[in-house]
Amino acid sequence: YAGPDPFGLPGAAGPFGVVPAYYSSPLLYNAAAAQIAGRTILARLTGLGGQLTLSSVRNHALDVFDPIDALLPQERYDIPRAVEHHVIDKIVHPLTVDGAQQITTRALRVGEFE
């Protein structure tokens, strides 16, 4: 994320600084296709990625690549708890009645570029 004018205001560049990305494809044949591709690429490149490993009660309806929402712990009492959108990368379904389900996820970067 570069901010409003990273060259005129050096402090507005953000934690990554100014990082241009270039992309070309013969499949982008009009401005609408280029804009959709640009927003998709931008959504993948912006922000920090995150991972989450958790255990939960068994839910055999969940599978790899299913999206889930994670309600994160509250950092301070005066800020509401954050919700992150994740996709399941690995899931282990227990075969015993008393086993806990293990889930490994990665964060999705969603927001204004959807």
Within one Ile-Leu-Val-Met-Phe-Trp-Tyr cluster: Phe65 and Leu52, side-chain cutoff 4.5 Å: yes
Atom pair OG1 (Thr105) and CD (Gln51), whose distance is rounded to the nearest 0.5 Å: 7.5 Å
Minimum heavy-atom distance between His86 and Ala107, given as atom pair plus value: ND1-N, 3.5 Å
Under 3.5 Å donor-acceptor, Gln101 side chain and Asn59 backbone: yes
CG (Leu71) with more than 12 external heavy atoms under 6.0 Å: yes
Distance, nearest 0.5 Å, that separates CD1 of Ile68 from CG of Leu62: 7.0 Å
Minimal non-hydrogen separation, Leu72 against Arg81, with atom names: O-NE, 3.0 Å
Shared hydrophobic cluster for Val64 and Ile103 (ILVMFWY, side-chain gaps under 4.5 Å): yes
Shortest non-hydrogen separation from Leu28 to Ala37 and the atoms involved: CD2-CB, 3.8 Å
Side chain proximity check, Arg58 to Pro94, heavy atoms < 4.5 angstrom: yes
Stepwise side-chain contact (heavy atoms from CB on, under 4.5 Å) test for Gln74 and Ile79: CA-CA 7 Å; Gln74 193 169 12; Ile79 331 177; 5.6 Å; no
Reported CG-to-CD1 distance for the pair Asp66 and Ile88, which is rounded to 0.5 angstrom: 5.0 Å
Gap between atom OG1 of Thr104 and atom CD1 of Ile91 - 0.5 Å precision: 9.5 Å
